[in-house]
There are 2 protein chains.
Amino acid sequence: MLIEDALNENCVDKSVELKGWVYRKRNVGGKIFIVLRDSSGIIQCVVDRGVVNEDSWRQAEEITRESSCIVEGVVRREPRAPGGYEVKVTRLKTIGLSAWFPIKGTEGVDYLLDHRHLWIRARKMQAIMKIKHTVLEAGREYFNRNGWWEVTPPILTGSACESGATQFEVNYFGQKAYLSQSAQLYLEALIYSLDRVWSLTPSFRAEKSRTRRHLAEYWHLEAEAAWYGMEDMMKVTEELVSYIVSRVLEEREKELKLLKRDTKILENTLETPYPRIKYDEAIEILQKKGVKISWGEDLGADEERVLTEEFDRPFFITHFPKEIKAFYMKLDPENPNLVLGFDMLAPEGYGEIIGGSVREDDYNVLYKRILEVGLNPKEYEWYLDLRKYGTVPHSGFGLGIERTVMWIAGLDHIRDAIPFPRFRERIYP
Amino acid sequence: MLIEDALNENCVDKSVELKGWVYRKRNVGGKIFIVLRDSSGIIQCVVDRGVVNEDSWRQAEEITRESSCIVEGVVRREPRAPGGYEVKVTRLKTIGLSAWFPIKGTEGVDYLLDHRHLWIRARKMQAIMKIKHTVLEAGREYFNRNGWWEVTPPILTGSACESGATQFEVNYFGQKAYLSQSAQLYLEALIYSLDRVWSLTPSFRAEKSRTRRHLAEYWHLEAEAAWYGMEDMMKVTEELVSYIVSRVLEEREKELKLLKRDTKILENTLETPYPRIKYDEAIEILQKKGVKISWGEDLGADEERVLTEEFDRPFFITHFPKEIKAFYMKLDPENPNLVLGFDMLAPEGYGEIIGGSVREDDYNVLYKRILEVGLNPKEYEWYLDLRKYGTVPHSGFGLGIERTVMWIAGLDHIRDAIPFPRFRERIYP
C-alpha cells in the first residue's frame, strides 16, 4: 500500500502495512514519531512504548534517518500531522538500517551534485521528476493521438547536424564518430516513408560555458512533417505546449504546490495561438528597452529574458537573419537574407524552449548554403539525396525537455530538471 | 487526405486531393497508371489523356518513380487495383521530380545499407517501423497505466555497467567517459525516490562480432522496483510482453500481413504465465538433444535456438551459475553458486529478449562480488552507497526493443528493426 492511499478517510481505524524510508524521527516522552516517506508522500507513524512489543520498540529506537522499514499499524485522524492522518504503529521492522545520512539539504551545489545518487530522494527532486514524467507522457501522447509516427533515429553519427564545435567525439571501432546533437537530418529522411514523424532521444552538446540553461546531455523531442509549412508547424508546437501544460496542471497539482509554483502564467499558456513577433521587431523592442544589440546579432539568454517581460505566455520569434541560423533552414522567398525559422520562448525569463523551421528543399540552394557556411557537401551526401529523389516542402522543430520542465516547474537552474545532470567536468555519479 | 482514407466506399464518386510519391508507373495506350504511395498505403491513379488538361498529361508523362506530387481526382471502385479502388485523375502536379531512383529492391545487403536513407521508403521497412511504433507505445503504456514512474537516466557515464570490453569511449571535455550499456545502476538509485521506475533509452555495446541479433546501438526498455522479488518481476515482464503483443495484433494487422507473419505463436503469447525452466534443466534438455555443452557454460544464440524448439510461446530460464552473469545479481540463498536471475526467450528461434534479476542488496556481499569479478570498488562507490543508506530488496530487468520487434515482425536480421542500424564499421548514413 502506498502512503497516499493511507492518507484517506476510508482508512481510518483500518490496519495498513506501509513500506518506505525514514524521513524524520523524534523521541517525545515514551513515544517515537517516525515520518515515513515513499514515492507517493509522507505520513507520521507513532510508536508508543506502551503499545508495541519490545522488539518493535527497540527497532524504533535504533532506526536512523533514511533507513528502509515496514510499518504495520492503524490509521487515525490527526489534524496536526502532515496530510491530516497518522499511523498508530503495531509493528515496526527495519529492513535496511542506514548509516549516518550525509545530506541535510543545506549543503552547497557541488556537494549535492557529488551526492546526487542520494539527493534525488529529496521531496523537491521527487516532485520535479514527477512533473517531468507527465511532460514526457503528454508530449508523446500529443503526437500519437494526432497520427504521427514515432521513430528511432541514430545517436551515433558520422557528421554534424548543428555545429562541429560542440560535438562529442566517440571512438567507434577505431573510426571517429559523433554523438547526435539533433535527430533532425534523420527525421527528414524518414518523412519520405512515414509523412509525419517524431522522436524522443538524448541529444549532446559539448557546451564549454556553464549556464543556467545548458546541459551537455538533454532530452530532445523532435518532429518533422512532409507538406507542412511554417504556420502549420508553429501551430503544432503551440498545441503541443498547451497540451503538455494542461496535463501537468491536471495531474501534478500536488507537486506544483510543493514547489510553490505560481500557476497563473501556466494557465495563460492553455490558450492558443501564442503571440508572434519577427526578429526585426524583437531587435526594436530590445533597443527601445536600452539593450545594446544591433540587427544581425543573435539573441542570447539575456536578450531573451528581456523580451519575455513583454509577454504573459509563450511567444514566437520568427524570420531570423540567415547568418545566425543553421544552413538547413529555408530562405524566406520574400527576403532571402532571412530564414523561415521560428523559436518559441517560455515566459517569466525562461526563453527558448523550441526551435523550428521550414527546411530548404531545393537541392541547388541547399548545396550552396552548405558551402557558404564552410561545411563539406561530401559529408552531407545522403542528406542532399533527399532533395534529389522526390523532394517535398517540409518543416520541423525540436523541444528541449529539460528547458520545458525547468519553466513549468519554475526552477532556477536546468540541472534539477534531470536526475543526473551532465555538464562541463560533471560525469559522476 | 491520406491514401487509406480514400480507399473507402464512402469516397466513391467523391473528389479527393492526395499528396505522395510515385511508387510505380506504366503507360498503357493513352492512359498512364501511377501507383501513389504515402505513409498510409498505395492507390492506383489513372491519368487519361482524354480527361486531363495538357499540362497534367505532360507532367504525368514526365514524372518519374519516387517523385513527389499532388493528385486530384475522383475515387471509383476498381476490383483489379490494389485496395479495390482507384482515382480517376483530374489534375496532376509534380512537386519534386526525382532523379533516377538508385534502388530496385533486389540489390545486396551492403548496397541497401549504403542507401538506407532511401531504402527506408520501402513498404517492408515502413511496415516494420509501424510495428516498432506500436511496440514502443504499448511498452510505455504498460508502465504508465500501472503507476510506474518514467525517469531519464544518463547516457554518458564514468564507469561500466556490464562489461568494460564492449564500452564505447567518449572524449568528455578531455576526460574519458563511456556510453551507457544499461540504465540499471541509475534506475537502482532512483527507486529510493520513486519506488518503481522505468526508462527507454539508447544503449550501446561495442560488439566486435557481426551477428543476426546484435546492434552497437539499440533501444532499451528498463525497469526497476523496490520491494519486488524474482517472481514479482517475472510477472511484470510477462504482462508487459503480453500487452505489447496484444496491441500489435490489434493495431498492426495490415503490417503483419504485408510481412507475411504467421501470427499463431504471437496469439499464444497473450496467455500468461509463460513456462519457466532452470538453467540446470536447460543444460539437460540441450545435452539430450545432442548439443555439446557442459554445466557452467553460457547459452549462446545457437543453444537458445535449440531450446526455443521446446516451447510454443516465450519462456524463462532462471537460476544461472553466478560466473556467467553480472556481479550485481543477488546470489540464490538456497545455492550461492547460482544467481536469482532470469532471461525471457522469444520462441521460433529468436532467443533472449529480456534479462532481469534480483539485485544484490547487501553491502558486504556486493563489495566482495565486485572484487571477485575484477572490478574496482572505487568506481562503484555511489552504487555501493545505495546499500549503505536504507538498502531495500529490489529487482529489475531490461528488454531489447529491436530484438522484440525482430521477433514480433518475424525478421531474419535485427538490422531491419531500426531505420539506421549501427554495427561494426557501419556509421553511414
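Within every chain, numbering begins at 1; the chains are lettered A, B, ... in the order of the sequence lines, protein sequences first and strands thereafter.
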To the nearest 0.5 Å, what is the distance between [atom1] on [X] and [atom2] on [Y]?
X: A:Y192; Y: B:R121; atom1: OH; atom2: CZ; answer: 6.5 Å
X: B:S39; Y: A:L190; atom1: OG; atom2: CG; answer: 12.0 Å
X: A:H115; Y: B:D385; atom1: NE2; atom2: CG; answer: 7.0 Å
X: B:L156; Y: A:F420; atom1: CG; atom2: CZ; answer: 14.0 Å
X: B:I191; Y: A:D38; atom1: CD1; atom2: CG; answer: 12.5 Å
X: B:L136; Y: A:S199; atom1: CG; atom2: OG; answer: 11.0 Å

Under 3.5 Å, side chain of [X] to main-chain N/O of [Y], donor-acceptor pair present?
X: B:E66; Y: A:Y389; answer: no
X: B:H133; Y: A:W149; answer: no
X: A:Y428; Y: B:W382; answer: yes
X: B:S193; Y: A:I120; answer: yes

If we only count heavy atoms from C-beta on, is the A:I95 to B:T391 side-chain gap below 4.5 Å?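 SC-SC contact between A:I95 and B:T391 ruled out.
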Would you call A:K130 and B:L194 a side-chain contact if the rule is heavy atoms closer than 4.5 Å?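 When only atoms from C-beta onward are counted, B:L194 and A:K130 do touch, with a gap below 4.5 Å.
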Is a salt bridge present between B:R140 and A:E150, judged by a nitrogen-to-oxygen distance below 4.0 Å?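 Yes, B:R140 and A:E150 are salt-bridged.
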Toward chain A, the part of B:F204 with a non-hydrogen atom under 4.5 Å: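 Just its side chain gets close to chain A.
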So what's closer than 4.5 Å to chain A heavy atoms on B:R37: side chain, backbone, both or neither?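 Side chain only.
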Which heavy atom in [X] sits nearest to a heavy atom in [Y], and how many Å separate them?
X: B:I155; Y: A:E217; answer: N-OE2, 2.7 Å
X: B:R422; Y: A:T157; answer: NH2-CA, 4.2 Å
X: A:N171; Y: B:F168; answer: O-CD2, 3.5 Å

Between the side chains of B:K132 and A:T152, does any donor sit under 3.5 Å from an acceptor?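 Side chains of B:K132 and A:T152: pair found under 3.5 Å.
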Test of ring centre spacing under 6.0 Å for B:F173 and A:F423: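 Ring-ring flag for B:F173/A:F423: false, centres at least 6.0 Å apart.
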Should the pair B:W227 and A:W21 be assigned to parallel (<30°), tilted (30 to 60°) or perpendicular (>60°) ring geometry?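 If you compare the ring of B:W227 with that of A:W21, the planes turn out tilted.
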